[in-house]
Structures are given as structure tokens and as C-alpha cells.
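Not measured: the values here are computed from a predicted model.
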Amino acid sequence: MKISKEELESLQLHDETVELAANLIKVNGYVILEGVLPQEKVAELWEAFKASMDWFIDKHGEEIYLNKKGFNEGTNHLGIFLPFAPPFNDPLVIEHPFALAIIDRILGMDYAVTLFSSNTSLPGGKKAQPVHPDYGTRFGDLCKVSLPITDLVFNIPLVDVHDGNGPMEIWPGGTHLLPDYYYGPNGPNPEELAPHMHSIKVHMPAGSILIRDVRMWHRGTPNRSDEIRPNLALIYSASHRDNTVQIPQETYDNLSERAKHLFRWQKIGYPVIEPTHE
Ligand SMILES: O=C(O)CCC(=O)C(=O)O
């Protein structure tokens, strides 16, 4: 979706825009708000992310490369948890008014962040990830009904994403609406079905916001450029999940009231982590 100049300047979406975006997530599994973060903010996030990634690869790259199939099974895809510190914990990342307005419409007001991380397609990948939902079944084999949307991923790409640099591929329109047991080990295998289904490679400008139901099938694809393709990745959840975001007390105390509410389930009073493998 394109957002109007007036909405971008006021940082407030019109009610019809919120309604359209929420409905698109409900029926399609995702929505993209194109290029809504200011370019200077994206540049700041990109610089800091690149430094964190360089540090991480320097320290842990060897371990991940160890198996003979190549880096992370040859996908060259890497998820790293980010430090809860500037610029990653900027209000435009953790509590973007556009994203919260849309998420409020779907999850109500009481949800919280349950993941603070990133996904990067590194250059040189030889194959795509397996097609997958991000969370598995909630109630197991016995649950033959579809459950409401309870968890939404929020992605911000830090570079323009196109066919050449490993776009995420998605299977929209229904893969988030399946009976709960489909997301478990005894449901149909996405890898077998996906090649017969309609998919889209998600192209979007840097600083876009992608909001998607965690259950929508997707995969990371190989990056054929020579520059990393990072996506910041947060999850907003209606119920508690295991989590590991460490937030120093002083940082937490300085958050807005809304951000405090969003991060209330985290490890508050703990030191900021180094970038860590997911
Ligand atoms: O390419 C992406 O950003 C998505 C990667 C992904 O789905 C994953 O690592 O689980």
C-alpha cells in the first residue's frame, strides 16, 4: 500500500487506511506499507546493523560455516537477535504509530512484543530456505479448526529488496487460515504443496513496513548480489511466549508508556546482549 503524504507527515493513518491494511492481513496474510521510514532513519539503522553483522560474522561465522553444505545449510540465511539499544530500539521501530494502529485493530490493545531480532540473506546463498510458517501448531493434532490471528511479524527491510538480493517469497491468501494442526509435524508438508501453489517474491523499498501473520508460509531466497539484505524482525503477540529480550532498567524506565506495555514480558533489569544467533 502507498501511504499519503499527509499521513506520512502527521505519522497518523486515516481510519480507512487502517481498516484496509487490517483487512488485507486478515484475508491475504500480509500487508506492505511502502517506504514509510525516513531515509535518514533507515541509513542510521543500516550502518548500525552492518556493524553488528560484521562483528557477529567475525566472532561466530566459522561455527555456522562448519557443515559441508555451506553457511546455514547453504541458504546463507542468518537470524540474529539484536541488542535492545539505539538505534534498534528507536520508537519508529518498536512502536511505529502506523504498525500499532493496524495491529491494535487485529489484536486489541493488550498484546506485547515477543521477538526482537533480524533476518538477513547474505550473499552467496546456494538454495532457498524450506517453505515454513514461523510458529507451529498451538494445540496439536487434535485441533482441526482455524484459530484467530494472534501473532504478527513486523519486518523493516534496510535495503531495497528486489529479485537480485534474496527477497522473501510468500504464499499469501490462505496459508495463515489453515486448521491449527496443519502447522504441526503431522499436517501437510508445505514443501510438497508450495510448488503447486501461487507465490510472490516480496519486492519493497528500504524502510517499508511488512506486517504478516506468523503462520503465512514463506521462505528466504538466495541473495545473488554482493551486499547483505537485512530485515529487522519483531513479533507482536496476543499471549505470552518464551522470549529473551534483555532490557536494562534505566532503558526500560525511559521508554514511552506504550513501549513499556509492549515490552512488559521481557527480562527487565538485565544488561543489553551482544548480537546473538537465533
Ligand atoms: O528472508 C527473510 O527475511 C525471511 C527469513 C525467514 O523466514 C526465516 O529465517 O525464518
Side-chain angles (χ1 to χ4, degrees), residues 1 17-34 77 79 96 98-115 117-119 128-157 161 167-204 208-221 231-243 278:
M1 287 175 59
T17 314
V18 176
E19 189 65 10
L20 175 60
N23 281 337
L24 286 171
I25 295 171
K26 287 180 193 166
V27 298
N28 250 349
Y30 80 106
V31 73
I32 296 170
L33 312 181
E34 283 187 21
H77 251 263
H96 195 291
F98 294 173
L100 295 196
I102 295 164
I103 300 172
D104 290 351
R105 190 70 56 107
I106 297 175
L107 299 184
M109 292 291 288
D110 221 23
Y111 57 88
V113 173
T114 55
L115 182 86
S117 194
S118 63
N119 292 117
Q129 290 180 317
V131 181
H132 64 279
D134 277 333
Y135 286 166
T137 170
R138 191 159 266 228
F139 296 111
D141 290 345
L142 289 178
C143 188
K144 302 278 193 294
V145 296
S146 303
L147 300 175
I149 299 175
T150 54
D151 299 272
L152 291 165
V153 186
F154 165 95
N155 285 133
I156 300 178
V161 184
M168 191 191 308
E169 186 172 6
I170 60 172
W171 279 258
T175 57
H176 65 301
L177 297 173
L178 302 170
D180 184 51
Y181 81 96
Y182 267 53
Y183 302 101
N186 299 320
N189 182 353
E191 278 283 273
E192 282 167 19
L193 293 175
H196 305 279
M197 295 166 65
H198 177 61
S199 69
I200 298 172
K201 298 243 175 83
V202 181
H203 298 169
M204 49 187 172
S208 298
I209 289 177
L210 163 63
I211 304 174
R212 58 186 166 96
D213 188 322
V214 289
R215 297 170 296 181
M216 183 182 68
W217 295 358
H218 61 283
R219 66 179 177 185
T221 65
N231 253 338
L232 300 187
L234 279 71
I235 296 184
Y236 294 84
S237 301
S239 59
H240 204 297
R241 299 224 176 227
D242 286 347
N243 55 71
E278 262 187 13

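Counting all heavy atoms, side chain and backbone alike, L24 lies closest to M1 at CD1-SD, 3.9 Å. When all heavy atoms are compared, the tightest approach of S208 to I32 is CB-CG2, 4.2 Å. Across every non-hydrogen atom of T137 and G184, the tightest pair is CG2-CA, 3.5 Å. Nearest heavy-atom pair across P167 and V202 is CB-O, 3.6 Å. Nearest heavy atom pair, residue Y181 against residue G140, reads CB-O, 3.4 Å. Minimum heavy-atom separation, P190 to V131: CB-O, 3.6 Å.
Here the OG atom belonging to S237 is positioned 10.0 Å from the CD1 atom belonging to I103, to the nearest 0.5 angstrom. In this structure, Y236 OH and L152 CG are separated by 10.0 Å, a value rounded to the nearest 0.5 Å. Expressed to the nearest 0.5 Å, how far CD1 of I106 lies from CD1 of I211 amounts to 7.5 Å. In this structure, the separation between CD1 on I209 and CD on E34 is 12.0 Å, given to the nearest 0.5 Å.
When the side chain to side chain donor-acceptor pair (under 3.5 Å) test is applied to H218, the partners found at least two apart in sequence or on another chain are H132, D134, R212. Among residues two or more places apart in sequence or in another chain, the salt bridge (Lys or Arg N to Asp or Glu O under 4.0 Å) test is passed with D104 by R258.
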If you apply the rule side-chain contact (heavy atoms from CB on, under 4.5 Å), what do you find for I235 with V214, and how did you get there? CA-CA 8 Å; I235 296 184; V214 289; 4.0 Å; yes
Step by step, work out the side-chain contact (heavy atoms from CB on, under 4.5 Å) result for V145 and F139. CA-CA 10 Å; V145 296; F139 296 111; over 6 Å; no
From CA spacing to verdict: side-chain contact (heavy atoms from CB on, under 4.5 Å), I102, L33: CA-CA 11 Å; I102 295 164; L33 312 181; 3.9 Å; yes
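The side-chain heavy atoms of M168 and V161, taken from C-beta on, include no pair separated by under 4.5 Å. When side chains are defined from C-beta on, Y135 counts as touching T114, because their heavy atoms get closer than 4.5 Å.
No donor-acceptor pair under 3.5 Å is formed between the side chain of N28 and the backbone N or O of Y30. D180 places no side-chain N or O within donor-acceptor distance of the main-chain N or O of L147, the cut-off being under 3.5 Å.
Donor-acceptor pairing under 3.5 Å is recorded for the side chains of E278 and S117. Side-chain N/O atoms of N119 and N231 include no donor and acceptor closer than 3.5 Å. Checking R138 against S239 by side-chain atom types alone, a donor-acceptor pair falls below 3.5 Å.
The existence of a salt bridge linking D151 and R241 is confirmed by a sub-4.0 Å separation between a basic side-chain nitrogen and an acidic carboxylate oxygen.
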Do any side-chain atoms of residues 169-179 form donor-acceptor pairs under 3.5 angstrom with protein atoms, and if so which ones, sequence neighbours left out?
{"from": "E169", "atom 1": "OE1", "to": "R219", "atom 2": "NE", "distance (Å)": "2.9"}
{"from": "E169", "atom 1": "OE1", "to": "R219", "atom 2": "NH2", "distance (Å)": "2.9"}
{"from": "E169", "atom 1": "OE2", "to": "S199", "atom 2": "OG", "distance (Å)": "2.7"}
{"from": "W171", "atom 1": "NE1", "to": "A194", "atom 2": "O", "distance (Å)": "3.1"}
{"from": "T175", "atom 1": "OG1", "to": "W171", "atom 2": "O", "distance (Å)": "2.6"}
{"from": "T175", "atom 1": "OG1", "to": "W217", "atom 2": "N", "distance (Å)": "3.0"}
{"from": "H176", "atom 1": "NE2", "to": "I25", "atom 2": "O", "distance (Å)": "3.3"}
{"from": "H176", "atom 1": "NE2", "to": "K26", "atom 2": "O", "distance (Å)": "2.9"}
{"from": "H176", "atom 1": "NE2", "to": "G29", "atom 2": "N", "distance (Å)": "3.4"}

